[in-house]
Amino acid sequence: MSEQYDVIVIGGGPAGYVAAIRCAQLGLNTACVEKWINKQNKPALGGTCLNVGCIPSKALLEATELYDQAQHGFEDLGINIKGIELDVPKMISRKDKIVSELTGGIEQLFKANKITWLQGTGRLMADKQVEVTTLDGNTETHTGNSIIIATGSEPIELSATPLTGDKVVDSAGALDWEAVPGKVCVIGAGVIGLELGSVWRRLGSEVIVLEAMDEFLPMVDNAIAKDALRTFTKQGLDIRLGARVMKSEVKGESVVIDYKDKDGDQSMTVDKLIVAVGRRAVTDVVLSPESAVQSDERGQIHVNEYCETSVPGIYAIGDIVRGPMLAHKGSEEGVMVAERIVGQHGHVNYDVMPNVIYTHPEIAWVGKTEEEVKSDGTDYQVGTFPFAASGRAKAKGDTSGLVKVIRDTANDRLLGAHIIGPSASELLGQSVLTMEFDGTIEDIARTIHAHPTLSEAMHEAALGADGRAIHIANRKRR
Ligand code: FAD
Ligand code: AMP
């Protein structure tokens with residue numbers, strides 16, 4: 001069997017499936033090659049994000065946060081709950097159900113948009129031909145007028161800490177334990193390590209996070225990272241910086257971990273180990289030498305700002321190209337490429353990319369950190385507002401954290417917004433929109449915010465950038 005398509009998308013994650021849907025909306029005859037086999041042993045769309053990433057991790061973070069609150073947070077509200085029981089297998093199966101519903105939803109969207117799902121592994125050959133090894137082992141070759149490569153990323157494995165399937169796991173494995181381990185070690189205090197560490201700590205595990213770097217969350221604004229480290233430590237996450245893991249070994253029921261810190265060689269025995277040391281681009285199978293598409297030594301495909309590769313008509317999007325490994329970044333690139341294929345002017349504003357860490361409190365930011373603005377030599381002012389002074393946060397009983405905005409003194413533009421606190425992921429939206437519209441701090445300051453809401457903290461931070469905050473004493477007045 002050999003078919004000619006307007007577009008063949010290789011990879012059905014949030015970059016690839018969104019690209020395929022947008023191509024189909026624009027009238028292009030589209031196919032998407034996807035090989036994923038899910039936990040139930042069925043082919044599935046949605047990639048890392050829907051199957052073992054964003055969605056299942058958030059399902060567990062939500063459930064475990066409620067469990068943690070029910071155990072420790074309700075007494076202050078005058079609610080005494082007795083006899084709370086934990087049913088981890090049910091929590092995991094709820095997570096699996098959410099995943100199935102969402103991945104099934106993408107399958108329905110493919111049908112509704114008349115997108116052909118080619119179930120199997122795609123390999124790009126010469127002349128935009130895609131060789132597909134189907135799930136039953138047959139080989140077929142299809143051709144696209146345009147090709148979009150969206151094969152994503154996978155967890156980095158360390159040869160010194162080999163995965164064992166249950167005791168030593170990657171991020172996907174840590175979403176499926178059906179009993180709470182006594183002691184868990186996480187290698188890597190990045191976004192994924194902190195989220196998964198939080199899940200198991202809330203369920204009762206002792207959690208130790210070993211991070212090779214001396215700095216905590218270096219990509220986050222310093223004031224926010226400091227606040228986060230203090231809060232997570234108070235919650236019981238044992239975060240050890242400057243601790244480089246050298247080796248792990250399963251001994252009986254335990255895992256022995258050797259690491260080095262400033263005091264020399266250390267060793268630790270735990271029940272489970274999560275390896276969360278980052279992700280790497282997956283291009284080894286998809287790129288044949290005949291495809292002529294250039295990638296670098298880390299496997300990332302070279303693209304320009306429009307996601308065009310070195311070969312005309314072949315595009316690459318999502319985790320396999322430069323930029324942050326985020327679902328929404330890949331999806332926006334998918335939309336941009338689809339629109340450019342039909343001659344429209346799709347673009348991605350990489351300067352306004354929202355970032356979120358879904359711990360409690362959540363951490364969310366957009367734009368530049370204060371450290372970046374300072375090193376640019378820009379004249380700036382900062383406005384901050386603590387949730388401890390927010391009426392709504394007090395009513396919720398969730399007052400940790402703060403909002404921080406950075407203003408360009410010369411033109412009042414919003415250069416960056418940084419939030420640690422309740423619903424930070426949702427609160428970030430107005431700053432993202434302000435930056436997208438090239439708006440100013442004054443735009444936020446003059447916007448009416450409903451009372452009482454958490455978003456008033458953003459309003460007050462904006463007012464505070466030039467000394468006009470109402471509910472906090474200002475150092476300078478205007
Ligand atoms: P992927 O989602 O990896 O999809 C690529 C697809 O291509 C896969 O389905 C794969 O099977 C398929 N494929 C690969 N090679 C071939 C081939 N040769 N032929 C056919 N198919 C192929 N990001 C966020 O924005 N927010 C979050 O909250 C978030 N949480 C995360 C939590 C965890 C635990 C993890 C692991 C990741 C998280 N991420 C999050 C990152 C997010 O999952 C990725 O950035 C996103 O999935 C990248 O999308 P993608 O389409 O580029 O790649
Ligand atoms: P991220 O890429 O954001 O998911 O973060 C992964 C983290 O793992 C980084 O902060 C790395 O410094 C850290 N890391 C990588 N290798 C090791 C190691 N051998 N021991 C401890 N931390 C590590």
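Counting convention: from 1, in listed order, for ligands and their atoms alike.
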Q. Is it the side chain (CB and beyond), the backbone, both or neither of Arg123 that lies under 4.0 Å from ligand 1, heavy atoms counted?
A. neither

Q. Does ligand 1 have a heavy atom under 4.0 Å from the side chain of Ala327, from its backbone, from both, or from neither?
A. both

Closest to [atom] among [options] (heavy-atom distance):
atom                    : options                      : result
atom 42 (C) of ligand 1 : Cys54, Pro354, Gly53         : Cys54
atom 20 (C) of ligand 1 : Gly193, Gly46, Gly120        : Gly120
atom 49 (O) of ligand 1 : Gly318, Pro14, Gly13, Ala316 : Pro14
atom 12 (O) of ligand 2 : Met246, Lys260, Glu211       : Glu211

**Q.** Contact partition for Ile187 relative to ligand 2, non-hydrogen atoms under 4.0 Å
**A.**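 Answer for Ile187: side chain.
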
Q. Under 4.0 Å from ligand 2, counting heavy atoms only, is it the side chain of Ala160, its backbone, both or neither?
A. neither

Among protein heavy atoms, which lies nearest [atom], and at what distance?
atom                    : answer
atom 17 (C) of ligand 1 : Gly122 N, 3.7 Å
atom 8 (C) of ligand 1  : Glu34 OE1, 3.4 Å
atom 19 (N) of ligand 2 : Val245 O, 3.2 Å
atom 3 (O) of ligand 2  : Gly190 CA, 3.6 Å

Q. For Val52, is the nearest heavy atom under 4.0 Å from an atom of ligand 1?
A.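 True for this residue.
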
Q) Salt bridge between Glu308 and Arg340, side-chain N to carboxylate O under 4.0 Å? A) no

Q: Examine Val286 against ligand 1 and note whether any of their N/O atoms are separated by less than 3.5 Å.
A: no

Q. Do any heavy atoms of Leu210 fall under 4.0 Å from ligand 2?
A.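 Distance cut 4.0 Å: Leu210 passes for ligand 2.
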
